[in-house]
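Encoded as structure tokens, the structure appears first; notes follow it.
Because the structure is predicted, anything quoted here is derived from the model rather than measured.
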2 protein chains.
Amino acid sequence: MSASLPPFPKAEQPVDQPELLQLGVAEEEPCLRADAARNRARLLEAAARLVAEHGAAGVTMEAVAAAASVGKGTVFRRFGDRTGLLMALLDHSEKKFQGALLSGPAPLGPGAPPVERLRAFGRAALRRSADELDLQLAAENSPERRFSNAPRRFLRGHVTLLLRQALPDADCELLAQVLLGYLDPAAIHYLTRQCGMPVERLEAGWDDLVARVTRTESPC
Amino acid sequence: MSASLPPFPKAEQPVDQPELLQLGVAEEEPCLRADAARNRARLLEAAARLVAEHGAAGVTMEAVAAAASVGKGTVFRRFGDRTGLLMALLDHSEKKFQGALLSGPAPLGPGAPPVERLRAFGRAALRRSADELDLQLAAENSPERRFSNAPRRFLRGHVTLLLRQALPDADCELLAQVLLGYLDPAAIHYLTRQCGMPVERLEAGWDDLVARVTRTESPC
DNA sequence: AATGAAACTGGACCACGGTCCGGTTAGGGT
DNA sequence: ACCCTAACCGGACCGTGGTCCAGTTTCATT
């Protein structure tokens with residue numbers, strides 16, 4: 001909420017750059033002083049240990065700071081807020097996923113027809129959420145930023161692109177929003193854990209949804 | 001987190017009763033002592049005033065309690081938590097909406113073909129979110145309970161029913177989840193406020209989505 | 001090596017959501 | 001009219017996310 005804070009990178013400014021990172025995997029930290037980098041590594045390690053021991057709910061900012069023998073302010077300086085820390089924890093898996101989409105083997109990566117890539121995308125995302133579900137849930141942003149973080153923007157761009165190949169005349173941004181909504185971690189948690197649906201049903205539902213959305217109207 | 005709490009209704013237990021409220025609008029408070037009812041009314045009035053004055057973000061539990069000349073514990077006893085208070089604030093509009101769906105004029109109410117009712121439903125929901133957006137955003141539950149509150153369950157049942165009339169052989173629960181995801185207040189906020197999409201585009205997108213989802217495959 | 005400033009550190013501090021429990025009150029039974 | 005008990009009240013208390021700033025450290029430059 002403060003105005004000018006030159007020496008405070010805030011770890012994720014809401015700059016909405018016009019899709020020039022379309023092919024770059026994501027932005028990197030500009031640089032880091034030696035001690036800062038060391039503390040960052042210790043914090044991530046401590047946070048991962050806390051997740052393993054007490055679940056994602058046990059990742060308290062104070063606890064992480066204490067476990068890393070570091071002041072609380074340092075955690076906030078490095079990661080901005082709790083969500084930033086949790087997202088940093090998911091960053092490795094996220095980067096791997098992005099890499100598979102951009103340059104992995106088909107049908108997830110390039111080389112397959114777009115609809116088939118979409119189907120593979122959903123299955124991969126569902127499987128990824130099967131592990132990491134509690135972490136992804138805990139990292140869920142506040143309602144205002146649930147859609148405007150870097151990983152989400154990347155997935156949105158990817159799905160939009162695939163949709164545009166299959167449906168050149170549709171509003172692919174909105175359709176991408178719909179498809180990604182189906183893969184929302186909170187939704188997956190609700191359907192599988194609270195409603196008891198098996199993952200197979202979610203996968204079948206995804207294929208069905210993709211088929212319905214990309215079906216071109218009555219090609220008689 | 002406590003175990004047994006007889007004298008503490010908690011305002012919304014997570015009981016997931018098997019759809020026997022399908023036609024009842026919602027459950028009512030069991031009864032209320034005279035002073036409790038008076039305090040409840042004063043709290044709601046105070047909360048509404050705070051929303052009008054300082055926006056939904058200004059609705060602090062302490063502020064509401066103070067504005068109603070009531071102890072903080074009373075607010076939590078009555079409404080369970082902050083989300084409960086905000087949902088109570090939205091309750092009137094919610095009930096009206098549910099009434100329109102159940103027994104209002106077509107095409108929103110009964111009497112129109114299901115696909116047309118679905119289209120009307122989306123437009124109505126979008127318009128309802130246009131007002132009240134900040135309140136609906138602030139009332140958004142924690143990720144775990146975003147889908148398991150009474151209003152949401154009602155809408156889910158309604159949409160599922162309409163879908164089943166149009167698509168007897170599809171997985172209508174999952175499709176209903178998809179459609180409701182499109183109408184999520186956070187999504188609407190993101191698309192209209194942050195992406196700057198006009199509401200007309202969202203409405204067109206809804207019609208398109210309903211058409212795609214309910215299109216029966218190649219009726220040649 | 002000395003130096004100066006940018007960048008980082010840590011812990012005191014604050015606000016808010018949520019819990020607890022001793023004291024109070026409503027209102028039905030007698 | 002009285003009493004008894006369940007329900008309710010209020011505010012002290014706690015944990016957590018997040019801010020702030022005085023002091024310290026790094027490192028590029030000389």
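- Salt bridge B/Glu203/B/Arg119: absent, no basic N to carboxylate O contact under 4.0 Å.
- Distances shorter than 4.0 Å separate none of the side-chain N or O atoms of B/Arg77 from OP1 or OP2 on C/dC20.
- With respect to B/Glu132 and B/Arg128, a salt bridge is recorded, a charged nitrogen being found less than 4.0 Å from a carboxylate O.
- Rounded to an integer number of Å, the gap from CZ of B/Arg38 to P of C/dT24 is 17 Å.
- Atom-to-atom, CG of B/Leu32 to C1' of D/dC9 comes out at 13 Å; the value is rounded to the nearest Å.
- The side chain of A/Thr74 contributes an N or O atom lying less than 4.0 Å from OP1 or OP2 of C/dG10.
- Separating the CZ atom of B/Arg40 from the P atom of D/dA7 is a distance of 18 Å, rounded to the nearest angstrom.
- Residue whose closest nucleotide on DNA chain C sits further toward the 5' end, between A/Arg33 and A/Ser69: A/Arg33.
- The distance between atom CZ of A/Arg42 and atom C1' of C/dT9, rounded to the nearest whole Å, is 12 Å.
- Remark: P of C/dC16 and CZ of B/Phe76 are 12 Å apart, rounded to the nearest angstrom.
- If you take CD of B/Glu62 and P of D/dC14, they are 15 Å apart, rounded to a whole angstrom.
- Minimum atom distance to the side chain of A/Thr60 is reached by D/dG17, of the listed C/dG18, D/dG17, C/dG10.
- Between B/Asn141 atom CG and C/dG17 atom P the separation is 15 Å, expressed in whole Å.
- Across all their heavy atoms, A/Ala125 and A/Leu183 have their closest contact at CB-CD1, 3.9 Å.
- Closest to the side chain of A/Met61, from the set D/dG17, C/dC8, C/dG17, is D/dG17.
- Following rounding to the nearest Å, B/Phe79 (CZ) and C/dT19 (P) show an atom-to-atom distance of 16 Å.
- One finds a salt bridge joining A/Asp184 and B/Arg146 here, because a Lys/Arg side-chain nitrogen approaches an Asp/Glu carboxylate oxygen to under 4.0 Å.
- For the pair A/Glu140 and A/Arg145, the salt-bridge criterion is not met [side-chain N within less than 4.0 Å of a carboxylate O].
- The phosphate of D/dC9 has OP1 or OP2 within less than 4.0 Å of a side-chain N or O from B/Asn39.
- Nearer to the 5' terminus of DNA chain C, by closest-nucleotide assignment, is the contact made by B/Lys72 (compared with the other of B/Lys72 and B/Asp35).
- In this model, no side-chain donor or acceptor of A/Arg82 finds a partner on the base of D/dT16 within 3.5 Å.
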